[in-house]
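The first residue of the sequence shown is numbered 1, and numbering continues consecutively from there.
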Amino acid sequence: MDGDTLYSIGELARRTGLTVKTIRFYSDRGIVAPTGRSPAGYRLYSIDAVARLDLVRTMRELGLDLPTIRKVVDRELSLPEVAAAHAEALAVQIRVLGMRRAVLMAVAERGSTPEETELMHRLAQLSEDERRRLIGDFLDAVFGGLDATPAFAGAMRSMTPELPDNPEAEQVQAWVELAEMSLDPDFRTMMRRMAEDQAAEQSRSDTMRPRRHIAAVVRDQVGPALAAGIDPSSPQADPIVAAFTAQCAHLLRHPDDVQLRRRLATRLENVNDPRRERYLQQLAVVNGWPAPESLTPVLDWSVQALRVRTQQ
């Protein structure tokens with residue numbers, strides 16, 4: 001191919017696959033300037049215009065704007081620098097689109113009202129600092145004034161959702177649900193009550209070390225009975241109930257009597273609130289943790305066993 005050969009716009013269009021209108025548009029904006037003109041005044045281009053147009057087409061397909069493309073082809077900007085900046089911008093766009101997709105999926109699944117949809121959209125668009133403030137306010141409402149011990153400091157950390165930089169759709173949906181729950185005054189009150197119960201139990205201890213949660217004690221004792229199909233109201237359940245109430249009595253520093261068993265039943269009913277378990281489930285999704293073990297069957301069994309044995 002003769003490097004001195006000049007081509008008309010029509011010939012250039014045939015070589016590049018672009019339309020005459022598109023090439024004229026780029027030419028008018030100085031992105032692909034003509035080398036000269038024919039005697040009749042038509043624009044003529046050198047073979048370099050083919051490579052230039054191929055580059056322009058590639059950059060347009062990647063989403064670069066025309067002013068940036070002109071700077072690249074004129075070598076005012078290096079292509080690697082532009083590519084890096086554009087890749088970063090695309091990453092932000094992808095994240096925003098992922099957030100929007102997650103909200104739309106949640107709306108479709110939940111049948112949300114326009115008001116709920118607006119709230120979900122706002123929550124999904126929060127910055128990292130805004131998310132931290134929202135959850136920090138919730139945790140302060142739950143644990144404020146109770147977090148002087150390692151047990152409560154650890155509890156606060158374990159209940160903090162950390163949405164990754166590039167979350168999956170299900171993580172965004174889980175985050176939105178957690179944020180909605182954290183704003184619910186009734187949920188805050190319920191969680192605060194459980195934290196205060198735990199603080200009261202901790203205060204009876206003669207050590208600052210975190211003590212086992214009562215629900216964990218009950219789980220260990222009741223789990224085998226539940227697996228064996230033992231009816232919580234049956235005589236076969238008596239030794240199991242006696243075993244876990246004895247351990248709880250030791251933890252609570254209170255005699256194992258009817259009063260303790262009634263108090264324990266109420267405590268376990270509070271822990272068994274489905275909203276608490278839902279929070280922990282969604283927290284695991286956001287943070288990429290394994291799904292938590294459900295304590296509902298064990299707590300249901302324990303509460304029924306205690307209520308049967310404390311009826312007057």
Side-chain angles (χ1 to χ4, degrees), residues 61-65 82-144 147 152-195 215 271-296:
E61 289 174 350
L62 290 173
L64 271 67
D65 59 88
V82 172
H86 196 62
E88 183 176 349
L90 285 176
V92 173
Q93 292 178 348
I94 290 170
R95 181 175 178 275
V96 170
L97 289 174
M99 293 284 192
R100 291 176 181 172
R101 177 176 179 270
V103 170
L104 290 172
M105 290 176 64
V107 170
E109 292 175 4
R110 295 165 55 174
S112 304
T113 65
E115 293 76 16
E116 291 171 333
T117 301
E118 181 181 0
L119 174 61
M120 284 192 292
H121 180 68
R122 290 206 313 270
L123 293 175
Q125 296 298 318
L126 293 180
S127 68
E128 182 178 355
D129 287 342
E130 290 170 330
R131 293 196 300 270
R132 287 185 181 277
R133 285 196 295 271
L134 186 151
I135 295 299
D137 181 65
F138 163 66
L139 294 176
D140 185 63
V142 174
F143 296 105
D147 55 355
F152 285 103
M156 292 179 70
R157 287 193 299 271
S158 70
M159 292 185 63
T160 301
E162 297 283 354
L163 193 66
D165 291 337
N166 297 298
E168 301 291 338
E170 65 175 2
Q171 289 178 300
V172 177
Q173 293 180 54
W175 153 251
V176 169
E177 185 171 343
L178 285 181
E180 289 177 313
M181 294 177 71
S182 71
L183 294 171
D184 183 350
D186 290 338
F187 180 66
R188 290 188 175 204
T189 299
M190 181 269 292
M191 294 296 290
R192 176 69 184 189
R193 183 170 59 248
M194 284 194 286
V271 174
N272 201 26
D273 190 299
R275 293 173 296 177
R276 172 185 173 275
E277 183 163 298
R278 183 63 178 175
Y279 184 95
L280 297 178
Q281 290 171 342
Q282 298 301 80
L283 177 67
V285 173
V286 171
N287 289 353
W289 296 342
E293 173 191 8
S294 175
L295 294 179
T296 298

Tell me, which pairs form a salt bridge (charged side-chain N to carboxylate O under 4.0 Å, His left out) where one or both residues lie in residues 276-291, sequence neighbours left out? Glu177-Arg278

Give the minimum heavy-atom separation between [X] and [Y], together with the two atoms involved.
X: Arg192; Y: Gly144; result: NH1-O, 2.8 Å
X: Asn272; Y: Thr296; result: OD1-CA, 3.5 Å
X: Thr160; Y: Asn287; result: O-ND2, 3.2 Å
X: Leu283; Y: Ser158; result: CD2-O, 3.0 Å
X: Val286; Y: Gln171; result: O-NE2, 3.0 Å
X: Leu134; Y: Leu123; result: CD1-CD2, 3.9 Å

Spacing of [atom1] belonging to [X] relative to [atom2] belonging to [Y], to within rounding of 0.5 Å:
X: Arg131; Y: Ser182; atom1: CZ; atom2: OG; answer: 12.5 Å
X: Asp140; Y: Met156; atom1: CG; atom2: CE; answer: 6.5 Å
X: Glu168; Y: Leu163; atom1: CD; atom2: CG; answer: 11.0 Å

Going by the rule salt bridge (Lys or Arg N to Asp or Glu O under 4.0 Å), which residues pair with Glu293 if we only count those two or more places apart in sequence or in a different chain? Arg219

With Arg122 via side chain to side chain contact (heavy atoms under 4.5 Å, CB included) - residues at least two apart: Glu118, Leu119

Could you pull out all residues at least two apart from Glu180 that satisfy side chain to side chain donor-acceptor pair (under 3.5 Å)? Arg110

Asp129: what forms a side chain to side chain donor-acceptor pair (under 3.5 Å) with it, not counting sequence neighbours? none

State which residue, out of Asp186, Val142, Leu139, Asp184, fulfils the side chain to side chain contact (heavy atoms under 4.5 Å, CB included) condition with Met191. Val142

Is there any ring-ring contact (aromatic ring centres under 6.0 Å, His included) pair reaching into residues 170-195, and which pairs are they, with sequence neighbours excluded? Phe138-Phe187, Phe187-Tyr279

